Amino acid sequence: YRNHQYDMDCITWSPAGRILQVEYAMEAVKQGTPVLGLRSKTHVVLVSFKRAQSELANHQQKIFKIDDHMAIGISGLTADARVLADYMRHECLNHRYVFDSAMNVGRLVAQVADKSQQKTQNSSKRPYGVGLLVAGCDEKGPHLYETCPSGNYFEYYAMAIGGRSTSAKTYLEKHFADFETSDIDALIKHGLEAMNKTTSSDQSLSTKNTTVAVIDSEKYKELSSEEMQKFIDGLEKKEDEPMEEEPAAATGGDAPAPMDTTG
Amino acid sequence: MNGAHRFGSKCDRPKATDIHFKMQAPVEHRWSPYADNGGTCLGVAGENFVVVAADTRLSQGYSIHTRNCSKVTRLTDKCVIASCGMKSDAITLHKHLKARLVMYEHQHRRQASVTAIAQMLSTTLYYKRFFPYYTFNVLCGVDDEGKGAVYHYDAIGSFERVPYTTSGSGSALVMSVLDAQIDKENQTIDTPALDKAGIVELCKDVLSSVGERDIYTGDSGEIFLIDAAGISKTEFDLKLD
């Protein structure tokens with residue numbers, strides 16, 4: 001691999017002005033199953049497609065409640081995600097204890113980003129191998145942010161990360177003008193339709209492998225199996241896809257690695 | 001003093017040889033970190049419910065801070081804590097417990113049981129063994145089997161599950177009445193056991209009677225009824241004197 005001289009650690013620049021270890025960490029995010037988020041004027045919705053290691057295993061949790069007004073959807077190394085979720089939960093708890101109010105979503109995202117950045121400027125540490133979609137509501141309304149192992153963060157109207165997320169992004173880009181004024185049911189439907197686009201021909205969304213979380217100004221809620229089933233029943237039927245995986249669009253290697261243990 | 005006078009300079013300090021310095025009997029001045037804000041609370045466990053009662057008066061010495069301050073905090077859908085003693089410690093203790101319970105719910109994906117909270121309260125109190133929370137707590141709720149649970153605590157976390165208990169400035173007045181009316185161990189006259197409504201009325205009467213003799217109890221009372229349906233609260237008046 002031609003960059004082998006420059007990709008050994010986080011403290012080496014490549015001649016092209018890149019820190020390759022950080023970019024490799026971002027590849028880990030793409031190895032996870034997809035998770036997406038979208039917001040309206042009143043709600044944010046997170047939809048995740050969970051992986052089960054084998055038939056015997058439970059589907060791995062992808063959405064974590066952080067506080068009554070905030071939740072994250074993860075893609076990448078689940079273990080790293082749990083560390084960040086714990087950090088965010090403690091920060092929110094502490095904020096409530098001291099200030100008797102909900103922590104500002106954007107500020108916490110910036111804190112997570114700064115924490116992530118520290119791991120990219122250290123010879124003896126590695127970056128977090130997980131991307132978060134942070135969904136939350138504050139006094140200005142609902143927000144959706146994405147964090148990266150690089151320490152960068154972005155705010156979105158709608159976003160999808162993880163394996164085959166480009167298909168979901170295409171759907172979201174097509175419809176996002178509707179999201180602002182959608183009611184909660186329409187928003188959930190859009191989220192599930194977008195997620196449906198990421199599944200291959202032999203998979204389909206079910207209450208076992210899908211989670212839908214809704215956050216408004218008051219509370220966090222996960223849809224129950226019954227509620228989710230109603231939406232899943234209403235999904236557009238998929239056209240039969242060819243047996244081969246579609247060639248990945250802009251990014252290379254969207255398919256999950258065979259023996260990976262990421263969520 | 002001549003010239004520039006430095007703060008705390010040697011010339012200021014009284015010396016034993018100074019004729020203006022007179023020996024006086026030593027008096028120890030001490031600021032106490034604790035205050036007693038008074039009030040009374042009690043809890044009674046039923047077959048499948050609990051009743052918690054507490055007054056709402058907050059006092060300091062012979063003065064009243066406020067007539068309308070609750071001693072009770074809801075910790076989960078099935079559990080409340082009532083604390084008498086120093087109000088600031090009670091506030092901090094309740095805040096601390098609530099924060100711990102949020103973390104519990106994040107990690108366990110369900111609310112903590114009364115028995116779990118009971119143990120946690122004990123360890124939380126003992127953690128400050130050498131500068132205790134000046135709180136005398138009564139923890140009440142419905143346990144995982146659906147039965148009523150009442151726990152009594154001392155300031156440093158010694159606790160016991162009991163059928164009924166009381167705490168606070170009027171607790172000595174309350175306990176014997178509950179012994180007579182609920183336990184009935186030493187009663188010569190046989191009376192039927194009280195039902196839920198009967199226990200609620202008993203708690204109201206007990207607080208009212210305590211208010212007659214204990215100056216720190218009065219103004220108004222809160223009754224919390226916890227059962228399978230959840231927590232419901234009612235209020236009633238107590239004397240304002």
Side-chain angles (χ1 to χ4, degrees), chain A residues 46 48 50 58-74 78-103 105 108 112 132 134-136 207-208 211-215 218-225 228 263, chain B residues 37 58 65-66 68-81 83 85-113 116-117 119-121 123-128 131-135 137 139 228-231:
Chain A
L46 285 173
S48 75
K50 299 185 282 195
N58 251 349
H59 289 80
Q60 205 162 48
Q61 189 182 356
K62 298 251 306 166
I63 295 182
F64 296 82
K65 176 181 174 184
I66 301 296
D67 200 346
D68 291 331
H69 68 298
M70 200 189 308
I72 58 172
I74 65 143
T78 311
D80 284 3
R82 283 157 54 82
V83 164
L84 288 176
D86 233 24
Y87 169 75
M88 293 174 79
R89 284 168 172 169
H90 279 105
E91 287 295 299
C92 280
L93 252 189
N94 199 54
H95 194 277
R96 277 201 193 271
Y97 187 93
V98 175
F99 299 109
D100 198 23
S101 65
M103 179 145 198
V105 188
L108 184 57
V112 170
L132 311 179
V134 184
T207 57
K208 276 199 149 50
T211 316
V212 178
V214 182
I215 305 158
E218 245 129 68
K219 64 189 181 314
Y220 163 91
K221 179 177 139 82
E222 266 180 45
L223 290 192
S224 69
S225 297
M228 232 195 311
Chain B
N37 298 122
L58 206 68
H65 275 316
T66 177
N68 189 220
C69 180
S70 177
K71 294 181 173 54
V72 183
T73 304
R74 289 174 206 229
L75 295 176
T76 66
D77 293 338
K78 293 212 176 98
C79 179
V80 300
I81 178 174
S83 301
M86 185 163 83
K87 186 65 187 169
S88 58
D89 271 356
I91 290 173
T92 306
L93 176 66
H94 292 191
K95 264 174 106 164
H96 185 85
L97 289 175
K98 288 198 87 165
R100 293 280 298 273
L101 289 173
V102 170
M103 223 41 219
Y104 185 103
E105 282 184 42
H106 276 143
Q107 291 166 345
H108 293 78
R109 308 257 277 169
R110 65 170 173 80
Q111 291 191 329
S113 64
I117 300 174
Q119 183 68 18
M120 188 177 83
L121 174 55
T123 51
T124 304
L125 291 170
Y126 196 83
Y127 209 72
K128 278 182 48 86
F131 185 8
Y133 288 111
Y134 196 87
T135 56
N137 305 294
L139 184 80
I231 305 177

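We name chains A, B, ... by the order of the sequence lines, and we start the count at 1 in each one. Keep in mind that this is a model prediction, so the values were computed, not measured.
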Counterpart residues, salt bridge (Lys or Arg N to Asp or Glu O under 4.0 Å), relative to B/E105 (two or more places apart): none
Residues in residues 90-100 of chain A near chain B [non-hydrogen atoms, under 4.5 Å]: A/H90, A/L93, A/Y97
Note, B/M103 side chain near A/D86 side chain (heavy atom, < 4.5 Å): yes
Proximal component of A/D67, with respect to chain B [non-hydrogen, under 4.5 Å]: backbone
Which of B/K98, B/H96, B/R109 touches chain A most, by non-hydrogen pairs under 4.5 Å: B/R109
Residues, nucleotides or ligands: over 12 heavy atoms within 6.0 Å of B/K87 NZ: yes
